[in-house]
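One structure is given below, encoded as structure tokens.
The basis for the numbers below is simple: all heavy atoms, side chains too, and nothing from hydrogens, waters or symmetry mates. Read the numbers this way: they start at 1 and go in the same order the structure lists the ligands and their atoms.
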Amino acid sequence: MEEKLIINGGKKLYGQIKVDSSKNAFLPILAGTLLCNNQVCLKNYVNLSDLRAMRQILEELDCNTYLNGNNLIIDPTNASFSRIGHELTTKLRASIFLLGPMLARFKKAIIAYPGGCRIGARPIDIHLKGLRALGAKIIERHGYLYCYGENMKSGTFVLDFASVGATESLMMSAILLSGRTTLKNVAKEPEVEDLQNFLNAMGARINGAGTDTIVIDGVNSLSGGEYCVMSDRIVAGTYLLAAASCGGEIELTNTNPKHNESLISFLSQTACKIETFSDKIKLKADKRLSSIKKIQTLPYPNFPTDLQPQMMVLQSVSEGTCLLTENLFENRFGIVSELDKMGADITIKNHSALIRGVEKLYGADVFATDLRAGAGLVLAGLVAEGYTTISNIDFIDRGYEKIEEKFKLLQADIKRI
Ligand code: EPZ
């Protein structure tokens with residue numbers, strides 16, 4: 001029987017939440033454990049379906065993974081080559097992160113094209129162009145990538161676009177190549193920096209993450225060890241937008257406000273009161289907020305595409321109009337048709353949505369179309385008057401662990417049925 005979320009909305013949110021570890025940091029780091037020669041302990045594991053899917057792929061490569069309390073143990077010592085089929089890769093985009101580590105460790109990789117949320121075409125041309133620039137031989141046939149790395153060597157590659165995944169994949173492909181590899185026009189997201197910090201903790205020599213150039217000096221091998229993955233800035237931003245939309249007063253712990261400076265700056269332009277500390281954020285919203293006239297999604301440190309649907313919900317109930325432009329993905333307005341059922345007033349024109357704030361949203365039966373649109377619908381259900389049921393919630397479970405339990409901590413009336 002398909003699970004659904006049912007929300008009785010229209011209540012303010014009050015309380016404190018500890019933010020979980022970051023899905024988008026954990027995923028490339030999990031792929032990176034393949035480069036290690038000994039056991040790795042990743043602390044504060046978060047039980048998400050995307051992470052379980054990545055663990056399944058590692059186990060296909062004979063890397064044993066198991067939980068020790070809240071910590072995930074990965075043992076790559078007996079890793080062995082295996083072809084990674086589409087039954088494993090279609091579950092998530094992050095399966096492509098394995099290309100670099102498999103080439104580095106096995107000198108070859110046979111892997112089906114990645115899957116992931118249908119928010120656009122999501123090509124992997126930059127990944128492949130970079131690997132080929134470093135000498136990899138890659139044949140694309142019948143939905144599979146046949147990759148051979150015995151002739152790979154260090155070098156310089158300028159990314160056509162600051163792709164997060166391509167940056168992370170290319171970083172990992174160069175770690176065991178002797179000599180210096182320079183990657184230019186790379187993504188500056190915090191998750192790229194966290195991956196660098198993890199790999200360096202295992203013995204790699206990488207510098208520059210967080211800037212537009214990353215330099216990797218090859219080493220012979222990586223050890224094992226312990227690492228604490230960063231907190232999830234998108235989950236934190238989702239909670240902040242929930243409280244801003246519903247009103248109330250919340251406190252987030254185990255979060256780095258520096259990772260959400262763009263969102264905090266936008267919310268501070270409305271009537272939200274926000275206080276930030278080194279590892280905490282407090283937000284208070286006690287009246288209907290004014291609209292933010294213009295917002296566009298851009299690579300970090302600008303406003304993140306992964307908070308776009310959630311921001312759309314806030315703007316749907318704010319006073320005034322907002323022009324929200326999505327620059328990263330060509331099909332990331334899936335939430336609009338569902339918000340329309342709830343009484344929102346949104347007009348899409350090309351990559352922009354013109355949102356005219358309404359006094360109220362009303363509960364309805366809605367469907368999640370992808371992970372972040374699903375999270376946005378939870379916010380819409382929380383703010384709407386009456387009952388909302390959300391279907392296809394396995395999308396939401398990809399990036400939020402027990403989202404209903406978290407919002408119950410904030411006194412929301414929400415349950416999984
Ligand atoms: C990562 O996806 C995140 N996923 C996404 O989060 C996030 O939305 C995205 O970065 C942007 O911040 C993970 O980290 C697992 P990109 P990724 O490569 O790496 C184009 C979520 O909700 N592109 O930076 O796939 C691409 O089509 C997910 O948690 C190419 O054209 O994003 C897109 O338009 C959704 N060719 C743009 O670049 C390539 O080879 C940004 O993609 C690669 C990307």
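Of all protein heavy atoms, the one lying nearest to atom 25 (O) of ligand 1 is Arg93 NE, 2.9 Å. Phe329 CE2, 4.2 Å is the protein heavy atom nearest to atom 26 (C) of ligand 1. Scanning all protein heavy atoms for the shortest distance to atom 1 (C) of ligand 1 gives Val164 CB, 4.1 Å. Closest to atom 6 (O) of ligand 1 among all protein heavy atoms lies Asp306 OD2, 2.9 Å. With respect to atom 31 (O) of ligand 1, the closest heavy atom belonging to the protein is Pro123 CG, 3.3 Å. Scanning the protein for heavy atoms near atom 3 (C) of ligand 1, the closest one is Asn24 ND2, 3.7 Å. In this structure, atom 17 (P) of ligand 1 lies nearest to the protein heavy atom Arg122 NH2, 4.0 Å. Protein heavy atom closest to atom 11 (C) of ligand 1, with residue, atom name and distance, is Thr305 CG2, 4.0 Å.
When only modelled atom types and interatomic distance are considered, Lys4 and Ser391 share a side-chain donor-acceptor pair under 3.5 Å. Ser154 and Thr181 are not linked by any side-chain donor-acceptor pair at a separation below 3.5 angstrom, with hydrogens and angles left out of the test. Side-chain contact check for Ser80 and Asp62: at least one donor-acceptor pair (N or O, by modelled atom type) lies under 3.5 Å. Side-chain contact check for Asn64 and Asp75: no donor-acceptor pair (N or O, by modelled atom type) lies under 3.5 Å. Judged by distance alone, the side chains of Thr65 and Glu59 do bring a donor and an acceptor atom under 3.5 Å apart. Side-chain contact annotation: Ser262 with Asn302, donor-acceptor N/O pair under 3.5 Å absent.
The proximity of Arg398 to ligand 1, defined as any non-hydrogen pair under 4.0 Å, does not occur for either the backbone or the side chain. If you look at Glu168 next to ligand 1, there are no close heavy atoms at all, none under 4.0 Å. Using a 4.0 Å cut-off between heavy atoms, Arg372 contacts ligand 1 through its side chain alone, with no backbone atom that close. Only side-chain heavy atoms of Phe161 come within less than 4.0 Å of ligand 1; its backbone N, CA, C and O stay farther off.
Residue contacts with ligand 1 leave out Met54, since none of its heavy atoms falls under 4.0 Å from the ligand. Ligand 1 lies within reach of Lys23, whose nearest heavy atom is under 4.0 Å from it. Within the structure, ligand 1 lacks Ala166 among the residues with a heavy atom less than 4.0 angstrom away. Residue contacts with ligand 1: Ile234 is excluded, as none of its non-hydrogen atoms falls under 4.0 Å.
In this structure, Lys408 places its NZ atom where more than 12 heavy-atom neighbours from other residues, nucleotides or ligands lie under 6.0 Å away. Within 6.0 Å of the OH atom in Tyr227, the count of heavy atoms belonging to other residues, nucleotides or ligands exceeds 12. Around the NZ atom of Lys137, the shell of radius 6.0 Å holds no more than 12 heavy atoms that belong to other residues, nucleotides or ligands. Within a 6.0 Å sphere centred on NZ of Lys108, other residues, nucleotides and ligands contribute 12 heavy atoms or fewer. In Arg180, the CZ atom is not crowded: 12 or fewer heavy atoms of neighbouring residues, nucleotides or ligands sit closer than 6.0 Å.
Residue Leu328 has at least one nitrogen or oxygen atom sitting less than 3.5 Å from a nitrogen or oxygen atom of ligand 1, judged on distance alone. Residue-to-ligand polar distances place Asp125 within reach of ligand 1: an N/O pair is separated by less than 3.5 Å. The distance criterion of under 3.5 Å between nitrogen or oxygen atoms is met by Ser163 with respect to ligand 1. Not one N or O of Phe97 is nearer than 3.5 Å to an N or O of ligand 1, by distance alone.
Interface atoms of ligand 1 facing Gly165, defined by a heavy-atom separation under 4.0 Å, are 18 (O), 19 (O). The distance from ligand 1 to the heavy atoms of Arg332 drops below 4.0 Å at these ligand atoms: 8 (O), 22 (O), 35 (C). Taking every heavy atom of His127 and a limit of under 4.0 angstrom, the matching atoms of ligand 1 come to 40 (O). Within the listing of ligand 1, atoms 35 (C) sit less than 4.0 angstrom from a heavy atom of Ile119.
Between His127 and Ser163, the shortest heavy-atom distance links the atoms NE2-OG, 4.2 Å.
The presence of a protein heavy atom under 4.0 Å from atom 20 (C) of ligand 1 is ruled out.
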Verdict with reasoning, Asp365 to Thr389, per side chain to side chain donor-acceptor pair (under 3.5 Å): CA-CA 5 Å; Asp365 296 338; Thr389 60; 2.6 Å; yes

Derivation of the side chain to side chain donor-acceptor pair (under 3.5 Å) call for Tyr300 and Arg233: CA-CA 12 Å; Tyr300 191 86; Arg233 62 190 172 99; over 6 Å; no

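Taking the ring axis of Tyr400 as reference, the NZ or CZ atom of Lys406 does not stay both within 45° of it and closer than 6.0 Å to the ring centre.
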